[in-house]
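All values below come from the heavy atoms of this structure, side chains included, with hydrogens, waters and symmetry mates left out. Fair warning: this is a prediction, and the values are worked out from it, not measured in the lab.
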Amino acid sequence: MLSNRLFLAILCRHPPSHPSRRNFSRTAAACLQSQKHKSKMMSTQENGSGDAGRARSALKNGHHVSAPSRKTLTLDTMNANVKVMEYAVRGPLVIRAGEIETELKNGAKKPFKDVIRANIGDCHAMGQVPISFIRQVMCLCFNPELFQSPDFASDVKEHARRILDSCRGSSVGSYTDSTGLDVVRHDVAEFIRRRDGGIPSNPENIILTAGASEGIKSILKLMNQDQDGKRPGVMVPIPQYPLYSATIAEYGMEQIGYFLDEDKNWALDIADLKRAVTEARRHCNPSVIVVINPGNPTGQVLTEDNIRAVIRFAQEEGLFIMADEVYQDNIYAPGSKFHSFKRVQAEMGAPFNTVELASFYSTSKGFMGECGIRGAYMELINLDAQVMAMLKKMLSAKLCPTTAGQACIDCVVNPPREGEPSYESFQAEKQGVLKSLAERAKIVTDNFNSIPGIHCNVVQGAMYAFPRLDLPQGLIDKAKSLGQEPDFYYALHLLESTGICIVPGSGFGQKPGTYHFRTTILPPADLLKTMMDRFKAFHVSFIQSFQK
């Protein structure tokens, strides 16, 4: 029996008109009614029945009897956009995974001993070891007394001192400018210049943020303005990272989905971009296109030709480009290479180098995996000067990004240089993480493709695979009879049978009639083998049960 909490989570995954919402509503309502009945019975036993009981209790305690209070904020009065937004990566399956972990701790007997959380790209939670240089610099920033210790290399101390000297009062406990520490923004600009082969970057165009998500939401908030009675439209890839669909729903904007081409390893299809924008103009005002490279959840790396085509399309259609490039360090497949939108745009020349562009980078991914520290930057290209001023005004209301995140991103963009004491260990740790991720990407791809009925494109980059499932009609019919998406039904049974927590493809969007799931490649090699063995045994047995 699923818990009341899980029923409510599933209920909230869909708008009122969705079949899953309708079918789950009766069960969830029954759970709530049961809880209300129990609470009422307890109150009656304590104080007597109804208003008389409440009055006796109040008078006994010397209180004035008043009318029952009503909540000001209820489901009926709260922001309707929040109710319809969804975030599949932390949805009902994750809630159930947490419940199963508690059940296991309490001695419940399961066909497995642990839960494998393959649902989210949380590197350190899956056992990745932090990069020493990053943690050492941050350690000194937060505990300056350790500058006297001989345990820290001279370049670590110099790096930490440089950050502290840029802080007011030489303390990371003080506020910084709303756009971040000036010294860090200059380091970011220099990092981008080196990355892009000498193309200059202006520190005034760099804004530090508490994770890339904050920067992404800030830009979408700027775009959120109706024009000629039409809502702003945001073009997002399908499949897409649910941050975008959730934010679009939260802001009351219009999502314009364009399909990635699975048969071409999830490449962008310009013909489908044109289809999507033409159809969208009938009911909204397309204003921005989101591109995720390397891809999440699809793990592809865009070619330079593909990026040029997207920039040309954006220029022709008058679209702002949001380039989500947080996985730019995570390139694994032979022949794949990261190309920044900024560099390609600059090299294309006029008129394409005038297209407005925001690019994002984060310490949460790459070889760092510092998800909880919330360090990131965005670079803004060709933004109107007055709009930039408005953006900075808006950010000032949040005071500043976390100083921990700023120190962390500075270590990433300004790492030890050759000849410095920490250089060799830093490079060894960095390359060790990336080499291991590349090996696991191949293991995941090969193993899924060895299972009948599962098709997995090569994981060229990022941290995820997005395999396609061939589901028998009996399973599809069973899921729909329960008001569930077939891939959700599959994922729920996988979790209950094996302890493996994945995210169904319906949470990211997919072509109608296809079914997928997203899994990370992050589990350590031994755990990854265990996961794949459990997965294969489950899949074969579960699919066969619907083919009899």
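Legend: ring pair (Phe, Tyr, Trp, His ring centres under 6.0 Å) pairs involving residues 399-425, not counting sequence neighbours: none detected. Counting only residues at least two apart or on different chains, the salt bridge (charged side-chain N to carboxylate O under 4.0 Å, His left out) pairs with a member in residues 343-363 are Glu304-Arg343, Arg343-Glu347. Pairs passing the ring pair (Phe, Tyr, Trp, His ring centres under 6.0 Å) check and including a residue from residues 149-175, sequence neighbours excluded, read Phe133-His159. For the salt bridge (charged side-chain N to carboxylate O under 4.0 Å, His left out) condition, no pair includes a residue of residues 381-390, sequence neighbours left out. Among pairs with a residue in residues 357-383, those fulfilling side chain to side chain donor-acceptor pair (under 3.5 Å) read Arg135-Glu370, Ser201-Glu379, Asp329-Tyr361, Lys342-Glu379, Ser362-Ser364, Ser364-Arg374, at least two apart in sequence or across chains.
Each of Thr179, Ile192, Val413 was compared with Ile206 under the side-chain contact (heavy atoms from CB on, under 4.5 Å) criterion, and only Ile192 meets it. Under the side-chain contact (heavy atoms from CB on, under 4.5 Å) rule, Pro401 has a single partner from Val184, Leu208, Leu395, Ile409, which is Leu208. When each of Asp187, Asp155, Asp182 is checked for a salt bridge (charged side-chain N to carboxylate O under 4.0 Å, His left out) with Arg162, only Asp187 meets the rule. Of the residues listed (Val326, Thr247, Leu243), the one engaging Ser213 in a side-chain contact (heavy atoms from CB on, under 4.5 Å) is Leu243, and it is the only one.
For the 3.5 Å distance criterion, the side chains of Tyr464 and Tyr241 fail to qualify, holding no donor opposite an acceptor. With no hydrogens or angles considered, no side-chain donor-acceptor pair links Asn293 and Glu325 at under 3.5 Å. In the model, Gln240 has a side-chain atom that pairs as donor or acceptor with a side-chain atom of Ser245 under 3.5 Å. Between the side chains of Arg534 and Thr530, no donor-acceptor pair is found at a separation under 3.5 Å. Side-chain contact, Thr176 with Gln406: a donor N or O sits under 3.5 Å from an acceptor N or O.
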Could you walk me through whether Arg312 and Glu316 pass the salt bridge (Lys or Arg N to Asp or Glu O under 4.0 Å) test, one step at a time? CA-CA 6 Å; Arg312 189 174 293 110; Glu316 292 170 352; 5.4 Å; no
Assess whether side-chain hydrogen bond (donor to acceptor under 3.5 Å, both in side chains) is satisfied between Gln300 and Thr298, documenting all intermediate values. CA-CA 6 Å; Gln300 87 282 11; Thr298 44; 2.4 Å; yes
CA sep, side-chain torsions, deciding dist, call: Met368, Cys408, side-chain contact (heavy atoms from CB on, under 4.5 Å): CA-CA 9 Å; Met368 308 78 70; Cys408 188; 5.7 Å; no
Asp487 vs Arg468, test: salt bridge (Lys or Arg N to Asp or Glu O under 4.0 Å). Steps then yes/no. CA-CA 10 Å; Asp487 49 16; Arg468 187 175 76 251; over 6 Å; no
side-chain contact (heavy atoms from CB on, under 4.5 Å), that's the test. Do Val458 and Tyr332 meet it? Break it down for me. CA-CA 10 Å; Val458 173; Tyr332 315 125; over 6 Å; no
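Between the side chain of Asp272 and the backbone N or O of Phe259, at least one donor-acceptor pair lies under 3.5 Å. Judged by distance alone, the side chain of Gln255 and the main-chain N or O of Ile248 form no donor-acceptor pair under 3.5 Å. A distance-only check finds no donor-acceptor pair linking the side chain of Asn306 to the backbone of Leu302 [under 3.5 Å]. Formation of a donor-acceptor pair under 3.5 Å by the Ser436 side chain with backbone atoms of Gly432 is not found in this model. The backbone N or O of Glu262 sits less than 3.5 Å from a side-chain atom of Asn457, completing a donor-acceptor pair. Judged purely by atom type and a 3.5 angstrom limit, Asn285 has no side-chain atom pairing as donor or acceptor with the backbone of Arg231. In this structure, Asp196 contributes its side chain and Gly198 its backbone to no donor-acceptor pair below 3.5 Å. Side-chain atoms of Asp261 do not come within 3.5 Å of backbone N or O of Trp266 as any donor-acceptor pair. Remark: the backbone N or O of Ile270 is not paired with any side-chain donor or acceptor of Tyr258 at under 3.5 angstrom. Between the Glu429 side chain and the Ser132 main chain, a donor and an acceptor come within less than 3.5 Å of each other.
Between atom OH of residue Tyr244 and atom CD1 of residue Ile238 there is a gap of 12.5 Å, rounded to the nearest 0.5 Å. With values rounded to the nearest 0.5 angstrom, Met532 atom CE is found 10.5 Å from Ile116 atom CD1. Interatomic distance, SG of Cys501 versus CD of Glu101, reported as 9.0 Å (0.5 Å rounding). A distance of 10.5 Å separates CE of Met463 from CZ of Arg518, quoted to the nearest 0.5 Å.
Classification of the His516-Phe466 ring pair by plane angle, with boundaries at 30° and 60°, yields parallel.
Dense packing is recorded around CD of Gln427, with more than 12 heavy atoms of other residues, nucleotides or ligands lying under 6.0 Å away. Residue Lys264 qualifies as open at atom NZ: its count of foreign heavy atoms under 6.0 Å is 12 or below.
Here the shortest heavy-atom pairing between Arg194 and Pro415 reads NH2-CD, 4.3 Å. When all heavy atoms are compared, the tightest approach of Ala491 to Ile502 is CB-CG1, 3.9 Å. Taking every heavy atom of both residues into account, Ser149 and Lys157 meet most closely at O-NZ, 2.9 Å. For the pair Ile500 and Phe535, the tightest heavy-atom approach, listed with the atom from each and the gap, is CD1-N, 3.9 Å. Nearest heavy-atom pair across Gly121 and Cys371 is O-SG, 3.5 Å. When all heavy atoms of Val444 and Ala465 are compared, the pair lying nearest together is CG1-CB, 3.8 Å.
Aromatic pair Phe448/Phe517: ring centres closer than 6.0 Å.
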Side-chain donor/acceptor pairs under 3.5 Å, residues 519-529, sequence neighbours excluded:
residue: Thr520; atom: OG1; partner: Leu522; partner atom: N; Å: 3.4
residue: Lys529; atom: NZ; partner: Asp533; partner atom: OD2; Å: 3.1

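Between Arg193 and Glu190, at least one side-chain nitrogen of the basic residue sits less than 4.0 Å from a carboxylate oxygen of the acidic one, meeting the salt-bridge criterion.
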